[in-house]
Amino acid sequence: MKLPQEFYRREDVLQLSRELLGKVLCTRIDGELARVVITETEAYAGVADKASHAYGGRRTKRTEPMFAAGGAAYVYLCYGIHHLFNVVSNVENVPHAILIRAGKPLEGVEAMLMRRQKLTVDRTLLGGPGSLAKALGITTRLTGKSLQGNEVWIEDRQILLTANEIVASPRIGVDYAEEDALRPYRFRADAQITYE
DNA sequence: CGAATGATATACT
DNA sequence: GTATATCATTCGA
């Protein structure tokens with residue numbers, strides 16, 4: 001079942017980042033259904049976080065979706081090539097977001113292999129935010145879309161993860177963020193995933 | 001390890 | 001309107 005709006009609209013973006021681990025990110029693009037278990041996330045804590053695009057309340061055409069109420073997608077292009085998928089959280093005008101960095105395939109493996117131009121499943125299929133978005137067919141076309149729609153959404157499949165399997169560490173590629181660069185806002189669930 | 005990639009923000013004319 | 005520095009990265013040695 002789809003996670004409800006309220007799930008995304010809470011205040012604690014760090015807690016939400018942890019809870020997204022083990023949830024199932026789903027897309028239906030070009031008629032191809034794909035499902036992925038989320039195994040790595042990064043929190044971007046709004047206007048006070050120097051690593052965030054919305055730092056200091058910077059509001060542009062690109063960052064606009066982050067200022068909407070939680071429960072929508074924020075997709076942007078990085079390094080000219082990679083589409084990165086984020087989940088918008090918190091209430092309107094509080095631009096918190098969570099970057100989905102990695103996952104494990106669950107359904108729609110054929111479509112993912114096709115999009116990634118690969119023949120076999122390995123850890124690079126969904127390893128890294130750019131690869132993950134590509135495998136799922138996510139592009140900037142989806143930015144600002146609601147997660148209650150039928151193109152992209154997140155489900156709770158009762159996948160079992162215990163808190164101590166989650167490892168927190170500094171975020172990737174944010175050296176420029178000064179004192180915020182070392183904050184442990186990255187969450188990984190490397191341990192094998194079991195299904196109920 | 002290092003190059004490649006192009007949209008975006010920002011600072012100009 | 002135009003320029004250019006800057007990237008929440010990937011891929012191939």
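Convention: sequence-line order gives letters A, B, ...; per-chain numbering from 1.
Side-chain atoms of A:Y79 and base atoms of B:dA4 include no donor and acceptor less than 3.5 Å apart.
Pairing for B:dT5 is absent, with no Watson-Crick or G-U wobble pair whose two atom distances lie under 3.5 Å.
Atom CD in A:Q117 sits about 16 Å away from atom P in C:dT10, given to the nearest Å. Between A:R115 atom CZ and C:dT10 atom P there is a gap of 17 Å when expressed in whole angstrom units. The NZ atom of A:K134 sits 11 Å away from the C1' atom of C:dC11 (whole-angstrom rounding). The distance from atom OH of A:Y176 to atom P of B:dT8 is 16 Å, rounded to the nearest whole Å. Distance, A:I81 CD1 to C:dC11 P: 9 Å, rounded to whole Å. With rounding to whole Å, A:I138 atom CD1 is found 16 Å from C:dT9 atom P. Computed from coordinates, the A:K61 NZ to B:dA7 P distance equals 13 Å when rounded to whole Å. In this entry the distance linking CG of A:D175 with C1' of C:dC7 reads 12 Å, nearest Å.
Residue A:R186 places none of its side-chain N or O atoms closer than 4.0 Å to OP1 or OP2 of C:dA8. In this structure, A:R116 does not reach the C:dT10 phosphate: none of its side-chain N or O atoms is under 4.0 Å from OP1 or OP2. Applying the 4.0 Å criterion to OP1 and OP2 of B:dA9, one finds that A:R58 has every side-chain N and O outside that range.
Side chain of A:R62, nearest nucleotide from C:dT10, C:dA8, B:dT8: B:dT8. The side chain of A:S131 has C:dC11 as its nearest neighbour among C:dC7, B:dT10, C:dC11.
Ring centers of A:Y76 and A:H53: under 6.0 Å apart, within the cut-off.
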